[in-house]
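Only one structure is covered here, and it is reproduced in the block below.
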4 protein chains.
Amino acid sequence: MATGRGAQATSPKGAAVTATAAEDAASAGKAPRTARGRRTLRAILDAAAEEFGEKGFHEGSVSGITRRAGVALGSFYTYFDSKDEVFRALVRDMSAQVRDHVTPAIRAAGHQIEAERAGLESFIAFVRDHKEIYRIIDEAEFVDPESFNLHYDSTAERIRARLAAAADRGEVRADVGEVHAWAIMGMNVFLGLRYGVRDDDAVPGDVADAVAAMLARGIGVPDSE
Amino acid sequence: MATGRGAQATSPKGAAVTATAAEDAASAGKAPRTARGRRTLRAILDAAAEEFGEKGFHEGSVSGITRRAGVALGSFYTYFDSKDEVFRALVRDMSAQVRDHVTPAIRAAGHQIEAERAGLESFIAFVRDHKEIYRIIDEAEFVDPESFNLHYDSTAERIRARLAAAADRGEVRADVGEVHAWAIMGMNVFLGLRYGVRDDDAVPGDVADAVAAMLARGIGVPDSE
Amino acid sequence: MATGRGAQATSPKGAAVTATAAEDAASAGKAPRTARGRRTLRAILDAAAEEFGEKGFHEGSVSGITRRAGVALGSFYTYFDSKDEVFRALVRDMSAQVRDHVTPAIRAAGHQIEAERAGLESFIAFVRDHKEIYRIIDEAEFVDPESFNLHYDSTAERIRARLAAAADRGEVRADVGEVHAWAIMGMNVFLGLRYGVRDDDAVPGDVADAVAAMLARGIGVPDSE
Amino acid sequence: MATGRGAQATSPKGAAVTATAAEDAASAGKAPRTARGRRTLRAILDAAAEEFGEKGFHEGSVSGITRRAGVALGSFYTYFDSKDEVFRALVRDMSAQVRDHVTPAIRAAGHQIEAERAGLESFIAFVRDHKEIYRIIDEAEFVDPESFNLHYDSTAERIRARLAAAADRGEVRADVGEVHAWAIMGMNVFLGLRYGVRDDDAVPGDVADAVAAMLARGIGVPDSE
DNA sequence: AATGAATGAGAGTTCATTCAT
DNA sequence: GATGAATGAACTCTCATTCAT
């Protein structure tokens with residue numbers, strides 16, 4: 001699927017992607033030197049998120065991106081070396097944004113079970129605004145396996161680490177480990193697909209409540225609150 | 001990700017795919033009439049599973065398939081109308097095979113929690129033999145969304161139905177529903193990815209034990225065994 | 001410049017190229033398996049000699065080749081992996097044909113000075129029929145340096161070897177070596193350019209006579225005839 | 001091949017080219033009016049000699065030139081109307097410099113055979129410092145045929161004229177003419193390629209000695225010294 | 001004069017699909 | 001049925017040239 005925690009590309013505000021991805025482009029050695037250049041790069045990145053989100057990497061085209069961005073075909077290559085490269089920048093950007101979006105919700109929670117609940121709720125809400133995230137991160141499996149693996153490995157590792165810390169605090173059972181982290185990530189990703197992308201009917205909080213209740217009994221320590 | 005329950009393409013025996021997929025092809029209106037034809041169709045389907053499993057749908061090519069199958073390029077079109085069509089046949093075949101592989105393990109269990117444990121163990125074991133299943137089902141999201149959705153919807157529905165039956169039997173909590181079904185499917189898919197495709201180190205039974213313990217407390221009814 | 005000894009591409013007979021170049025293509029792993037395929041390959045090779053001879057490698061285009069050959073653009077790639085590859089095949093073919101054309105004239109001569117005279121005359125005559133050879137072999141310096149170097153190195157080496165043999169027979173001076181071989185090759189190439197490609201006025205035999213007279217005194221042994 | 005007589009682009013001092021070529025550029029109607037402009041033009045011309053020498057005309061790029069020159073891409077068009085135009089300026093410049101380099105050595109000789117010897121030695125030495133000259137003049141055959149022809153025609157004509165004068169002085173045979181001029185030019189060009197560009201082992205003087213001895217007998221008048 | 005972003009025509013290459021043998 | 005050559009639309013990427021700043 002896609003991700004363990006929210007994103008922001010092509011946001012309603014229309015510019016959120018660029019923050020991180022523009023840096024990736026920069027680190028790829030094609031940083032714009034003028035304000036006009038920065039505007040163009042931003043337009044291309046937003047357009048790429050749209051194009052790939054709608055059509056996927058292979059069906060999407062560079063000319064589709066530049067058409068959406070309202071720039072000439074050649075301008076694309078002023079900022080990216082190849083179609084693969086924008087895609088890579090986008091995947092990393094989305095991965096970062098998902099993480100940045102849910103982290104505060106998780107941090108704000110007082111108890112680890114509540115943290116997981118908040119994370120899932122926040123993730124589902126986020127996915128609703130950024131349905132393209134699934135298509136983009138999923139297709140990375142084929143186009144940029146490294147980013148794909150990195151995304152899931154680091155997401156799972158973050159979950160594992162916070163569960164371990166919670167175990168130390170006595171909030172979750174001591175035998176909780178990597179298996180549980182991957183299990184939770186998998187649940188979140190599929191619930192995001194079902195209740196974020198597929199159908200908007202359910203209330204994210206309700207879905208999160210149901211899962212949290214299961215987790216409280218499944219991995220929580222009774223009376224640790 | 002990919003799937004909730006096992007597959008069989010490109011099996012060690014090298015022919016398993018064909019049973020089901022050949023019927024799909026037949027239903028697509030190109031059933032071979034001679035024994036020679038049946039052999040060619042089987043070769044093409046096995047080769048397609050290999051090709052798409054290795055390279056994905058877009059990077060895979062019809063000529064790659066016929067080369068692997070040892071038949072002429074043109075022969076492909078004797079059995080399939082298009083590249084999309086083999087892929088569709090393959091996705092449905094895999095979906096069916098995953099289902100057919102895990103179902104017996106689930107049926108054999110005495111208690112629902114044990115059934116879920118057996119299903120996951122069986123699934124991980126299966127994935128190890130058919131790592132291409134993830135790539136194929138995942139890419140269906142772009143190539144054949146209908147099959148993709150059908151696969152996950154029907155898998156989740158099967159889980160939901162058996163949990164409902166178990167609730168009636170008093171083996172799992174009465175409040176278990178669709179959310180739990182999608183959560184379990186997500187866990188299974190990601191654990192299959194992590195411990196089936198990615199890394200062969202862990203013992204599937206151990207992974208399944210950890211998950212079953214969590215589920216027993218999370219959704220199980222104490223003393224229902 | 002171009003070459004030390006004659007060529008044959010795009011000959012009046014229109015098919016000469018293919019003999020050798022078709023084998024190169026074959027050795028490149030794309031040998032046609034049917035008579036129709038052989039005809040197409042021949043048409044492409046002849047067209048490539050024309051296209052590159054007229055426009056040079058960089059200005060020439062694959063679509064120009066297929067247009068001349070009267071085949072579809074894609075058919076080109078049935079026989080060659082790239083534009084570079086036809087060019088390479090062509091250069092090697094031309095090198096071989098130049099050699100094959102002049103060698104008999106040289107062999108037929110009774111004395112080495114007469115052999116050099118006959119070689120030059122034959123070369124000029126040949127160049128007049130295949131003016132494109134200069135453009136093709138010259139541009140190889142940029143496109144396929146290996147073939148370019150090989151062409152001149154082997155041509156010079158052939159001259160050196162036959163002069164050495166002649167020295168043993170007492171027909172030319174004993175101190176004749178590599179320097180003289182390259183000098184003779186250079187003379188031939190430029191006289192071919194001047195009296196073969198550039199201007200058809202002079203009689204090749206007259207040019208060859210003048211050079212032979214100079215060589216007779218310059219490297220010949222008096223009274224060795 | 002390339003040329004009959006010396007050049008100077010991309011010289012060790014790094015600026016020599018400009019003297020002549022800047023005039024060509026000027027004659028092309030874009031003479032710089034300030035000292036800063038002259039410096040920029042010089043930098044572009046030197047960079048162009050490097051770029052085209054290394055990569056050839058077609059593989060070389062305007063942006064490669066400006067990068068080497070350390071100026072902005074757009075600045076190129078302040079001094080040249082097109083890529084072709086720099087190349088043309090460069091070819092003429094190189095032709096002139098080759099001529100200017102060898103002429104003094106030829107003039108200084110007391111006897112025509114010695115003059116030819118000195119010319120060849122000087123040419124080989126020169127080529128070693130300016131190996132790019134072959135690539136540049138050779139590619140002119142495709143890019144700027146007029147300059148290409150002019151270069152060889154005028155070089156051959158200079159040789160012919162000095163041989164005619166020498167014949168009048170009784171230093172070379174009376175029957176020496178255009179054929180001999182082209183032959184000598186061809187020898188020089190190929191010996192420059194072999195012992196100047198390709199391999200630095202041989203001593204230019206030794207090569208020139210061998211050729212001079214051959215010419216002395218071939219076209220010289222005995223006892224004319 | 002200098003800068004560097006923007007432009008867009010053009011070229012090479014791929015490959016699903018067709019069809020004559 | 002099988003074969004493999006032929007087709008051509010489609011796409012990515014390059015780069016000379018222009019132009020606003």
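We use all heavy atoms of the structure for the numbers below, so side chains are in, but hydrogens, waters and symmetry mates are not. Every chain is numbered from 1, with letters handed out A, B, ... down the list of sequences. Model, not experiment: these values are computed from the prediction.
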Measure the distance from [atom1] on [X] to [atom2] on [N] and round it to the nearest whole Å.
| X | N | atom1 | atom2 | value |
| --- | --- | --- | --- | --- |
| C:L41 | F:dG4 | CG | P | 17 Å |
| B:E51 | E:dA16 | CD | C1' | 13 Å |
| D:F57 | F:dT14 | CZ | C1' | 15 Å |
| C:R67 | F:dT7 | CZ | C1' | 16 Å |
| A:R33 | F:dT21 | CZ | C1' | 17 Å |
| D:L73 | E:dA1 | CG | C1' | 15 Å |
| D:F80 | F:dC15 | CZ | P | 20 Å |
| A:I65 | E:dT7 | CD1 | C1' | 18 Å |

Identity of whatever pairs with [N] - Watson-Crick or G-U, under 3.5 angstrom:
| N | result |
| --- | --- |
| F:dA2 | E:dT21 |
| E:dG8 | F:dC15 |
| E:dA1 | none |

Item to complete: Quick one: pull up CD in A:E51 and CZ in A:R68 and give me the separation to the nearest 0.5 Å.
Response: 4.5 Å
Worksheet item: If you measure only the distance, is there a donor-acceptor pair under 3.5 Å linking the side chains of C:R38 and C:T34?
Response: no
Discussion item. I'd like to know if the side chain of A:R92 pairs up with that of A:S147 as donor and acceptor (distance under 3.5 Å, no hydrogens or angles considered).
Written reply: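 Yes, a side-chain donor-acceptor pair sits under 3.5 Å.
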Under 4.0 Å, counting only non-hydrogen atoms across every strand here, what does [X] touch: a base, just sugar-phosphate, or nothing?
| X | result |
| --- | --- |
| C:S75 | base |
| A:G70 | nothing |
| B:G64 | nothing |
| D:G74 | base |

Item to complete: Answer yes or no: is there a side-chain heavy-atom contact under 4.5 Å between D:Y79 and D:V86?
Response: no
Discussion item. Tell me if a side-chain donor or acceptor on C:K55 pairs with a main-chain N or O of C:G64 at a distance below 3.5 Å.
Written reply: no
Check this one for me: any side-chain N or O of [X] less than 4.0 Å away from OP1 or OP2 of [N]?
| X | N | answer |
| --- | --- | --- |
| B:Y79 | F:dG1 | no |
| B:T40 | F:dA2 | yes |
| B:Y77 | F:dA2 | no |
| C:T34 | F:dT3 | no |

Which nucleotide in the list [options] gets nearest to the side chain of [X]?
| X | options | result |
| --- | --- | --- |
| D:A72 | E:dA5, E:dG4, F:dG4 | E:dG4 |
| C:R36 | F:dA5, F:dG8, E:dA16 | F:dA5 |
| C:K83 | E:dG12, E:dT17, F:dT12 | E:dG12 |

Practice prompt. Report the residue (A:S63 or D:E59) whose heavy-atom-nearest nucleotide on DNA chain F is the more 5′ of the two.
Written response: A:S63
Worksheet item: In terms of the angle between their ring planes, are A:F87 and A:F52 parallel, tilted or perpendicular, with boundaries placed at 30° and 60°?
Response: perpendicular
Response to the item:
Closest to the 5' end of DNA chain E, once D:G37 and A:F76 are matched to their nearest nucleotides, is D:G37
